[in-house]
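Convention: sequence-line order gives letters A, B, ...; per-chain numbering from 1. All values below come from the heavy atoms of this structure, side chains included, with hydrogens, waters and symmetry mates left out.
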Amino acid sequence: MWMWLRNLLPEPEPVAPFAGDADGINWYNVAQNQRFAVLRKGGLMNLASTWRFALFGAAGCFLLAEQAGREWLLLPALGSLWFALGLYRRYRLIVDTPTSRLSSSAQGYVELSGTAALPEGESSRGLPHLPVTVWLPGYVEDQPFLLEDAFGRCLLYPQEAEIVTRTGDNHLFLLHAIYPGQTLYALGELRTQRHAHSNVSQERRERLAVLLADWKRDDHTLLQNFDADGNGQIDPDEWQTVLAAAQQWVDADIRAQQRLPGTHVMSGAQAGQLFLITNIPPEQLARRYQWAAWLHTLAWWGLMAAAHIR
Amino acid sequence: MNTGLIIFFALLGGLLLWGILLYNQLVLLKNNAEKAWSNMEVLLKQRNTELPKLIAVCKEHMAYEQTTLQTVMEARNRVVSAMQFGNMGALEAADNALRIGLGNLFAVAEAYPELKASESFQHLRERITGLEDSIADRREFYNDSAALNNTRMEQFPDLIIAKSFSFKPFRLLSFKSEEIADVDVAAQFTAGT
């Protein structure tokens with residue numbers, strides 16, 4: 001719904017981290033980059049649930065009524081109705097979606113709750129001179145990160161997600177970010193990717209060919225292991241033994257792969273549903289949406305009454 | 001057009017949109033509960049497929065435990081049949097009987113060292129125990145989904161839409177009293193003495 005907003009807002013500018021303050025960060029640049037990124041990733045509905053939006057909205061309506069006439073208030077009234085319905089829908093989605101544990105990983109539209117972590121093999125992400133982050137609007141927005149609970153881990157792909165963050169964590173009062181170890185909450189379509197069973201015979205053939213080519217390249221080891229009569233070459237019957245050994249090795253490896261637990265992934269939601277990632281406790285976020293929905297409903301009625309009363 | 005008339009239609013439109021939103025949410029909750037059920041069904045089917053293999057391995061070693069094996073197989077067949085007919089009550093009872101039967105089977109297997117040492121038995125036992133844990137988790141998830149759906153259906157104003165469009169509540173899967181009772185650990189230690 002807010003994709004047009006993403007296209008409208010400017011992409012983050014390349015940061016110049018060492019051309020600035022004493023701590024090596026140009027905070028003005030960072031604040032500028034984050035302002036648009038937070039809006040782009042948070043979406044219009046989140047913007048409509050802030051006090052700042054309410055204040056600017058009220059001022060805008062006053063100016064509209066003064067300059068163009070009261071009947072024009074019907075337009076913002078329509079906007080308020082749209083926000084009220086959208087925010088109420090979000091509130092209900094958060095409240096009405098059950099939490100899934102990653103141990104059994106129920107597939108489908110679920111809520112996950114756990115802690116944020118960097119993917120394996122990555123130890124640092126974000127801006128230099130600042131604490132490590134897993135997601136930093138304006139800088140690190142599309143790289144996947146992990147959500148871990150006591151039973152497993154899920155890889156979150158944030159490209160299509162609506163990400164709502166708070167400031168003030170790690171004593172950085174202006175920085176919007178998700179830090180490793182922070183409690184994270186995700187609402188979206190969970191799927192588990194397992195080793196494909198459908199094309200096992202083809203995979204077996206391909207891997208067998210690769211393995212045999214690999215063994216053939218190392219003549220010395222091949223002769224050492226399979227030249228039973230010691231004549232310095234692999235005879236046809238000895239080749240059958242090589243083939244059987246390679247088949248056994250590939251089969252065992254495929255079986256081991258099939259036994260491995262699947263990888264849980266959340267990368268979106270079905271059409272029209274919300275894909276939300278946040279480090280704000282869900283109860284708090286739901287309450288915010290609920291209040292905002294009521295206030296927009298009141299604004300809808302109020303603006304319509306104001307348009308009518310002379 | 002008269003502003004009053006516009007406002008009247010705007011209020012009517014808003015009410016209509018709100019009704020549509022509530023209807024869509026009820027559909028979403030119904031689909032979530034159905035999906036949660038099919039999530040659990042997948043694991044029940046997997047367990048039903050593994051059980052005959054376990055019984056076949058046990059039969060080789062447990063010649064004098066035919067009754068235990070038969071109990072498990074009968075309960076398993078009842079689960080399959082209840083799933084086919086979509087009878088939740090029967091499924092609940094059969095599943096409880098199956099879990100108790102499996103518990104007995106694994107307990108009796110302790111007296112057969114050859115069976116315990118068998119790689120196939122160990123693999124199947126781990127697999128079935130793992131499936132049991134996942135089924136328990138997904139049953140809880142299904143109950144959450146069903147409870148959320150049922151609660152919304154009983155709340156006002158969702159109640160009006162639910163009644164008008166004949167939405168049906170989902171049956172919750174309950175736990176047997178033996179499963180939720182406190183375990184008497186002391187009794188377990190003194191039982192064999």
Given heavy-atom pairs under 4.5 angstrom as the criterion, report whether the side chain, backbone, both or neither of B/Ala36 touches chain A. neither
Close side-chain approach of A/Gln273 and B/Leu28, heavy atoms under 4.5 Å: yes
Report which part of B/Arg152 has an atom under 4.5 Å of a heavy atom belonging to chain A: side chain, backbone, both, or neither. side chain
What residue, out of B/Ala147, B/Gly130, B/Ser145, has the most heavy-atom pairs lying under 4.5 Å from chain A? B/Ser145
Taking CD in B/Gln155 as the centre, count heavy atoms belonging to other residues, nucleotides or ligands within less than 6.0 Å. Is the count above 12? yes
What closest approach, in Å, do B/Gly14 and A/Leu81 show between heavy atoms, and which atom pair accounts for it? CA-CD2, 3.9 Å
Minimal heavy-atom distance between A/Met304 and B/Ala10, with the atoms involved, is SD-CB, 3.5 Å
Identify the heavy atoms of A/Leu85 and B/Leu21 that sit nearest to each other, and give their distance. O-CD2, 3.7 Å
Are the side chains of B/Phe141 and A/Val110 in contact, using a 4.5 Å heavy-atom criterion? yes
So do the side chains of A/Trp301 and B/Leu11 get within less than 4.5 Å of each other, counting heavy atoms only? yes
Where do B/Lys35 and A/Glu189 come nearest, in terms of heavy atoms and distance? NZ-OE2, 4.1 Å
Decide if atom CD of B/Glu110 counts as having more than 12 heavy atoms of other residues, nucleotides or ligands within a radius under 6.0 Å. yes
Under 4.5 Å from a heavy atom of chain B, the part of A/Thr297 involved: neither
Do A/Tyr88 and B/Leu22 have side chains that get closer than 4.5 Å, going by heavy atoms? yes
Side chain, backbone, both or neither of B/Asn39 within contact of chain A (heavy atoms, under 4.5 Å): side chain
Side chains of A/Asp96 and B/Leu29: closer than 4.5 Å at any heavy-atom pair? yes
